[in-house]
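Report on the following structure.
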2 protein chains.
Amino acid sequence: MTTAGPDRRKVRHEAKRAEILAQAWLLAHRDGLAAISLRDLADSVGLRQPSLYVYFESKLNLYDAMFADGYRQLLTFVAERSYGGDPRRALARFLGDLVQFSSDDIVRHQMLFQRTIPGFEPSAETFALALEFYEVARQMLAAAGVTDQRSIDIFSALANGLAHQQVANEPGGRRWVRLAGRVTEMFLADIDQRRRTSPARKGSRRL
Amino acid sequence: MTTAGPDRRKVRHEAKRAEILAQAWLLAHRDGLAAISLRDLADSVGLRQPSLYVYFESKLNLYDAMFADGYRQLLTFVAERSYGGDPRRALARFLGDLVQFSSDDIVRHQMLFQRTIPGFEPSAETFALALEFYEVARQMLAAAGVTDQRSIDIFSALANGLAHQQVANEPGGRRWVRLAGRVTEMFLADIDQRRRTSPARKGSRRL
DNA sequence: GTCTATATTCGGATAGAC
DNA sequence: GTCTATCCGAATATAGAC
């Protein structure tokens, strides 16, 4: 099928859309996520500003595409790694990888985990990607024997806290990435400790 | 001295400045921190927009004042509480209070702990207030016997992570606030554990 | 699909009278 | 200190020719 006109058109359209998206990330790094200008964006892909509307129906729609793109990157990132073997070691690697993922791209971290763009809320379809990721994380925890909500809440805080400190204080570095192993040990030791003492919960005084 | 003209003028000026600042926080809640408009702000304090420049020399200067105001609130908040008695329990209360402080005002949390306003960097004088707070935190940790940098890094991640999850998922609530005690226990148990096994560090395998 | 031209609104900031 | 008037630039978005 060399004369598949409509197909080629669609492929071209999607390719250009992807190019625009990639440039949007670059501009976000340069100017800040909330300060992307559609003029600059159009310039960077060799278009005039109004032509962008062929690919994105509004600026918020562009942000939505970036949000979706970021979570797809995250899902691919974790899917590429295998977390087999001992579930506890796997959890430690998983945590380190997440912090590394944030450290690798501070703007992407802002987009996915901090919601600071005035007026932007991800659409339902896009948010489904986020939920997909949290399901992966839930399964990682379940494999390590962690299923209660409070422990899940703590683990999410650990992951987000390490990632945040990394991007805020040393973007691109590994200072907090390297703490993932110790933090996972600490977390699991606490789980074990509580399992031993509960439901009686004697012997350790609550702070 | 009832005729202290210059004094009265200065007091009036400072009062108006404080009023503007308070309204700026309100507007930030309504429109988003990065979306404050000086016109709206002027309206809300009964002034015309150019008159704001009598009190703040630029919009970034206004943000700087908000940043300073937020850290002063935080310093007052912790100073009002006494963290006497057992240092470990004090640390647990300190952590819970910090998460509560963030939960109480999501915009203030954004301003102090996430740096997402394009182009804004706190001035040196203002940043000194932030350092003052981190010194308080450092002393709380030192009192509980925690002085090494890696442990401090972990604690900062714990605090920020709990606060972030709280404001992101349940602003105004206490779901992560309530985890502060358990998380502090977990943290200190890890410190103790490492003290027992180091420097030999035998008996526990690293994840 | 891309363009030119333009609508429309809004932003922060300044000049200068009072 | 506050005002009116205005500057200047930037933003997103739309209309309509090609």
Side-chain angles (χ1 to χ4, degrees), chain A residues 4-24 26-28 30-67 116-121 123, chain B residues 3-28 30-67 116-121 123:
Chain A
D7 275 5
R8 287 211 181 282
R9 216 180 299 142
K10 185 165 187 186
V11 166
R12 226 187 120 69
H13 185 88
E14 291 306 314
K16 192 73 182 174
R17 202 180 134 100
E19 183 194 349
I20 294 168
L21 212 44
Q23 285 295 329
L26 285 181
L27 278 188
R30 201 191 64 183
D31 301 332
L33 200 45
I36 293 177
S37 143
L38 296 187
R39 285 178 205 285
D40 289 352
L41 180 55
D43 282 353
S44 74
V45 294
L47 288 177
R48 299 293 178 165
Q49 177 255 335
S51 303
L52 287 180
Y53 285 78
V54 173
Y55 301 96
F56 298 96
E57 67 188 19
S58 72
K59 193 181 185 180
L60 291 180
N61 185 273
L62 171 68
Y63 281 132
D64 198 59
M66 292 176 78
F67 187 93
T116 57
I117 301 167
F120 168 63
E121 291 266 339
S123 65
Chain B
T3 56
D7 276 7
R8 286 210 180 283
R9 216 178 301 142
K10 185 165 187 186
V11 167
R12 227 188 118 68
H13 186 88
E14 291 306 314
K16 192 72 181 177
R17 203 180 133 100
E19 183 195 349
I20 295 168
L21 211 45
Q23 286 294 329
W25 285 115
L26 285 180
L27 278 188
R30 200 192 65 184
D31 301 332
L33 200 45
I36 293 176
S37 142
L38 295 188
R39 286 180 152 79
D40 288 352
L41 180 55
D43 282 352
S44 74
V45 294
L47 287 178
R48 299 293 178 165
Q49 178 254 337
S51 303
L52 287 181
Y53 284 77
V54 173
Y55 301 96
F56 298 95
E57 67 188 19
S58 75
K59 194 182 185 180
L60 290 180
N61 185 275
L62 170 69
Y63 282 132
D64 199 58
M66 293 176 78
F67 187 93
T116 57
I117 302 168
F120 168 63
E121 291 265 340
S123 64

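Worth saying up front: this structure is predicted, and the values here are computed from it rather than measured. The analysis underlying the following values was restricted to heavy atoms, covering all of them including side chains, and did not include hydrogens, waters or symmetry mates. Below, chain A is the first sequence line, B the second, and so on; all start at residue 1.
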Distance (rounded to the nearest 0.5 Å) between Leu60(B) CG and Glu121(B) CD: 10.0 Å
Side chain to side chain contact (heavy atoms under 4.5 Å, CB included) evaluation trace for Met66(B) with Ile36(B): CA-CA 12 Å; Met66(B) 293 176 78; Ile36(B) 293 176; 4.1 Å; yes
Length of the CD1-P vector between Ile117(A) and dA11(D), whole Å: 16 Å
Thr116(B) and Leu33(B): CA distance, side-chain angles, deciding distance, side chain to side chain contact (heavy atoms under 4.5 Å, CB included) verdict: CA-CA 9 Å; Thr116(B) 57; Leu33(B) 200 45; 5.6 Å; no
CA sep, side-chain torsions, deciding dist, call: Lys16(B), Val54(B), side chain to side chain contact (heavy atoms under 4.5 Å, CB included): CA-CA 10 Å; Lys16(B) 192 72 181 177; Val54(B) 173; over 6 Å; no
Short side-chain N/O contact to dA10(D) OP1/OP2 from Arg39(A), under 4.0 Å: no
Separation of Asp43(B) CG from Arg48(B) CZ (nearest 0.5 Å): 7.5 Å
5' to 3' contact window, DNA chain C with chain B (heavy-atom distance under 4.0 Å): dG11(C) to dT14(C)
From CZ (Phe120(A)) to CG (Leu62(A)), nearest 0.5 Å: 9.5 Å
Approximate separation, where rounding is to 0.5 Å, of Leu38(A) CG and Leu27(A) CG: 10.0 Å
Proximity to DNA chain D (any heavy atom under 4.0 Å), residues of residues 49-61 of chain A only: Gln49(A), Pro50(A), Tyr53(A), Ser58(A), Lys59(A)
Value in whole Å for how far the P atom of dT12(D) lies from CZ of Phe120(A): 16 Å
Donor-acceptor pair, side chain of Arg17(A) and main chain of Tyr55(A), under 3.5 angstrom: yes
Sugar-phosphate, base or nothing in reach of Ile36(A), heavy atoms under 4.0 Å: sugar-phosphate
